[in-house]
Amino acid sequence: MSKRVGLQTTIIVAMLSMIGPFTIDSVFPAFARIGVQFGASDAALQQITSIYLFAYAFASLFHGPISDAVGRKPVMIVGIAAFALASIGCAFAPSLGVLLAFRAVQGVFAGAGQIISRALVRDLYDGWQAQRVMAQISMIFGVAPALAPVVGGWLLAVGDWEIIFIFLTGYTVLLLLLVTFGLPESHPADKRTPLRLGPIFSGMREVATDGPFARLAFASSLAFSAQFLYIAGAPIFIVRLLGLGERDFWVFFVPMITGMILGSFINSRLAEWGHPEKVASIGLGIMLGAIALNVGLAASGLASQLPWPIVGPALIAFGMSLAFPILQLTMLDLFPSRRGTAASLQSFVSLLLNALLAGVIIPLVSGSIFSLALASCVFGVSGSGLWAWHLASARRGR
């Protein structure tokens, strides 16, 4: 693959991975307006995020296996087109119920691009090159959660909340053109598996019941939840707990995403070092230190005094981003012939957990800055513990 084609592929895949953050985060500044228009409570508004994630989680089980059978590009093209239509439906929703229904449709098709792009990277690259490309994608992807709420706030300055979904429609139409004409098919016909329900479900069962895969899937998902808790809870954390406004989301997201980009950048620089497990362990160790600092600050008199409530989440994001590309690639490498299925099942675990976070856990733990920090601690420690278990099991050959 030439450098030009490789760069083009990296940029397009990174843009595909930005669908999720833009779909979630760009709507956050509009929550107050949607709540006023539809008479919805904070708990009801959290379902705008959670129902999208639940639908995304369950549909993600099938995107990868289908792409293993028919190729990566056809699944991405159909999924992106359907997502654009669902975004139009959101923009013209007359009630919260209709909006939630179209958010569910968005969730069903969002993963067609984002999930399959991970398998595409592993199809095209090997070894340290795969780690470097995945880290570069994470760097570009990392801009999205910081940029999305800022863009959402800017859009609200020129229109009402519907304009955000019009923007999402335009973005996905652009992606549809880029994928159709600028992305190679990475899964040739001679490597595809039959598109039959029996083999699809047996492949899912084979992957899901594999011990190392389960440990890695839950390790990455739980560790990422230490960070995602703050992302999904941003409307409550920023507006209610910190007392900021709908255009102030950048105060939280810019430091957090700076941490993500730095972690991904250092990961890409260390790719040729050849010790991915050590890099992942260092990243998770930094995350644990950041979690301890975050809990300490949240318990102190500095809990609500900027910039201290932001320091812990930003450092958590740095450590997690240093480890995350390696956790992803390690999982995909367990099943070279079923990378799409492995990517789907890992995404299912992560998204289901994220949906529970957004719809159930965050409303329960968002009473104070300290309770949020404590919940983040539980997830981060659990994920790191599973990674340590995986390393110990691998050394014993099990």
Side-chain angles (χ1 to χ4, degrees), residues 19-63 78-115 145 148-149 151-153 155-156 158-173 228-229 231-240 246 249 347-348 350-366:
I19 290 178
F22 263 100
T23 306
I24 296 170
D25 298 356
S26 65
V27 188
F28 285 161
F31 271 28
R33 297 194 190 189
I34 296 172
V36 170
Q37 180 169 331
F38 296 140
S41 64
D42 281 350
L45 291 172
Q46 281 295 126
Q47 307 315 311
I48 294 174
T49 301
S50 66
I51 198 166
Y52 164 81
L53 290 170
F54 272 119
Y56 193 149
F58 285 101
S60 71
L61 288 172
F62 300 97
H63 295 312
V78 171
I80 294 168
F83 181 92
L85 293 174
S87 299
I88 295 173
C90 289
F92 293 97
S95 67
L96 182 61
V98 174
L99 174 60
L100 293 178
F102 278 110
R103 286 289 281 181
V105 178
Q106 278 187 318
V108 167
F109 292 102
Q114 190 172 357
I115 294 169
V151 170
L155 291 170
L156 290 176
V158 297
D160 213 337
W161 61 267
E162 296 91 345
I163 196 172
I164 294 173
F165 291 102
I166 298 298
F167 167 78
L168 287 174
T169 303
Y171 182 77
T172 47
V173 169
F228 188 77
L229 184 77
I231 295 174
I236 297 173
F237 180 59
I238 294 169
V239 177
R240 180 157 62 80
E246 67 181 22
F249 280 71
S347 294
F348 172 75
S350 180
L351 289 163
L352 191 61
L353 181 57
N354 289 343
L356 289 170
L357 275 174
V360 179
I361 296 173
I362 289 172
L364 292 175
V365 303
S366 59

Measure across Ile48 and Arg103 and return the closest heavy-atom pair with its distance rounded to 0.1 Å. O-NE, 3.0 Å

Is there a side-chain contact between Leu99 and Phe165, using heavy atoms and a 4.5 Å cut-off? yes

Sequence neighbours excluded, which residues qualify as side chain to side chain donor-acceptor pair (under 3.5 Å) partners of Glu162? none

What is the ring orientation for Tyr52 with Tyr56, classed by angle as parallel under 30°, tilted 30 to 60°, or perpendicular over 60°? perpendicular

Stepwise, does the side-chain contact (heavy atoms from CB on, under 4.5 Å) test hold for Thr49 with Phe28? CA-CA 9 Å; Thr49 301; Phe28 285 161; 3.7 Å; yes

Rounded to the nearest 0.5 angstrom, the SG-CD1 distance for Cys90 and Ile166 is 10.0 Å

Main-chain N/O of Leu156 paired with Arg33 side-chain donor or acceptor, under 3.5 Å: yes

Quick one: CD1 on Ile80 to OG1 on Thr172, what's the gap to the nearest 0.5 Å? 8.0 Å

Could you measure the distance from the CD atom of Gln106 to the CD1 atom of Ile19? Nearest 0.5 Å is fine. 10.0 Å

Heavy-atom closest contact (Ile236 atom, Ile362 atom, distance): CD1-CG2, 4.1 Å

Can you say whether the rings of Trp161 and Phe38 are parallel (under 30°), tilted (30 to 60°) or perpendicular (over 60°)? perpendicular

Any side-chain heavy atom of Leu168 sitting closer than 4.5 Å to one from Phe22? yes

Contact summary for Ala55 and Ala104, nearest pair of heavy atoms: CB-O, 3.1 Å

What's the shortest heavy-atom distance between Ala59 and Gly107, and which atoms? CB-O, 4.4 Å

For Pro29 and Gly153, which heavy atoms make the closest approach, and how far apart are they? CG-N, 3.9 Å

Just to verify, which of Ile24, Leu356, Leu353 counts as forming a side-chain contact (heavy atoms from CB on, under 4.5 Å) with Leu53? Ile24

Quick one: closest heavy-atom pair of Ile34 and Leu96, and the distance? CG2-CD1, 4.5 Å

Side-chain heavy atoms of Val108 within contact of Phe83, under 4.5 Å: no

Hey, does the side chain of Ser26 reach the backbone of Thr23 with a donor-acceptor pair shorter than 3.5 angstrom? no

